[in-house]
Amino acid sequence: MATQKQNFDPKSPGAVYSLATLVLTVLAGLGIGFPESIEGISTQLQTSIQGGSYFALIGIVGGSVLFPIWNLIQKKQKLNWKNLFGSTANVVALGNALLGVVALTGFYLPDGTVEQIVAAVTVKDWGALASVVINTVIVALVRWVKDKKATATA
């Protein structure tokens with residue numbers, strides 16, 4: 001039985017949640033303190049967009065996202081890129097959020113790849129990480145691009 005292809009929809013709940021989580025994770029890693037958890041804010045954004053509640057959306061973005069950014073600016077603090085990439089937890093969270101967004105395009109990594117990446121990042125084994133990226137991620141990406149081209153010409 002053939003599987004039905006699902007096109008990427010930027011308004012889909014998964015896309016909104018994944019993108020919001022990715023952006024908020026980066027901002028939090030740079031030193032911005034949010035009043036709620038990133039997952040909670042992302043869920044509220046997703047729910048507001050799905051329900052067409054744009055006033056609620058403006059309130060969430062203003063109160064939970066823009067206000068903390070404004071506070072950081074007012075305190076004259078600088079964004080800290082070292083904190084973002086210096087923490088293994090941040091790198092794993094960013095990778096997870098990025099893979100969630102990428103999966104919405106139809107690109108999936110083989111089973112076990114994410115675990116290998118997390119293990120390599122956790123112990124800071126950059127050789128193992130490079131090996132996984134070259135031997136698994138790039139191969140899967142090339143295969144996905146070829147399949148997309150074959151589908152487009154068919």
Side-chain angles (χ1 to χ4, degrees), residues 1-34 36-54 56-58 60-61 64-66 68-69 72 79-154:
M1 173 163 63
T3 59
Q4 186 179 25
K5 185 179 183 301
Q6 186 176 21
N7 292 328
F8 174 72
D9 179 9
K11 293 181 182 176
S12 74
V16 171
Y17 180 83
S18 296
L19 187 59
T21 302
L22 176 62
V23 170
L24 294 173
T25 300
V26 169
L27 292 173
L30 292 172
I32 296 172
F34 296 107
E36 297 178 48
S37 72
I38 289 170
E39 295 79 12
I41 296 170
S42 297
T43 301
Q44 290 175 11
L45 291 170
Q46 172 189 356
T47 304
S48 296
I49 290 172
Q50 276 184 299
S53 178
Y54 297 109
L57 181 64
I58 291 168
I60 294 165
V61 171
S64 296
V65 180
L66 296 179
I69 292 171
L72 184 83
L79 298 177
N80 192 337
W81 292 95
K82 183 180 178 189
N83 283 350
L84 179 63
F85 296 108
S87 164
T88 302
N90 284 348
V91 172
V92 170
L94 286 171
N96 191 28
L98 184 62
L99 288 174
V101 171
V102 170
L104 295 170
T105 67
F107 174 73
Y108 295 96
L109 292 173
D111 288 340
T113 304
V114 174
E115 289 82 3
Q116 291 175 353
I117 292 171
V118 169
V121 170
T122 301
V123 297
K124 297 185 182 192
D125 185 354
W126 307 124
L129 179 62
S131 175
V132 170
V133 169
I134 292 168
N135 295 323
T136 308
V137 176
I138 292 177
V139 170
L141 182 61
V142 169
R143 188 172 300 129
W144 177 74
V145 169
K146 285 183 178 182
D147 289 347
K148 288 283 233 187
K149 285 182 181 179
T151 303
T153 58

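Index from 1, following the sequence.
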With sequence neighbours left out, what residues match Ile58 under side chain to side chain contact (heavy atoms under 4.5 Å, CB included)? none
Qualifying residues under side chain to side chain contact (heavy atoms under 4.5 Å, CB included), relative to Ala119, sequence neighbours excluded: none
For the atom pair OG (Ser64) and CG (Leu45), what is the distance rounded to the nearest 0.5 Å? 8.0 Å
Identify, with sequence neighbours excluded, every residue that meets side-chain hydrogen bond (donor to acceptor under 3.5 Å, both in side chains) alongside Glu36. Gln44
If I compare all heavy atoms of Ala120 with all of Leu129, which pair ends up nearest, and what's the gap? CB-N, 3.7 Å
Partners of Thr136 by side-chain hydrogen bond (donor to acceptor under 3.5 Å, both in side chains), sequence neighbours excluded? none
Pairing residues for Ala130 by the side chain to side chain contact (heavy atoms under 4.5 Å, CB included) criterion, not counting sequence neighbours: none
Tell me every residue that passes side chain to side chain contact (heavy atoms under 4.5 Å, CB included) with Val139, counting only those two or more places apart in sequence or in another chain. Arg143
To the nearest 0.5 Å, atom OG1 of Thr47 lies from atom CD1 of Ile60 at 7.5 Å
Which pair of non-hydrogen atoms, one from Val65 and one from Pro68, has the smallest distance, and what is that distance? O-CD, 3.2 Å
Work out which heavy atom in Phe34 is nearest to a heavy atom in Leu24; give both atom names and the distance. CE1-O, 3.5 Å
Listed partners of Gln116 passing side-chain hydrogen bond (donor to acceptor under 3.5 Å, both in side chains), at least two apart: none
Pairs touching residues 122-141 that satisfy ring pair (Phe, Tyr, Trp, His ring centres under 6.0 Å), sequence neighbours left out: none
If the condition is side-chain hydrogen bond (donor to acceptor under 3.5 Å, both in side chains), which residues does Asp147 pass it with, not counting sequence neighbours? none
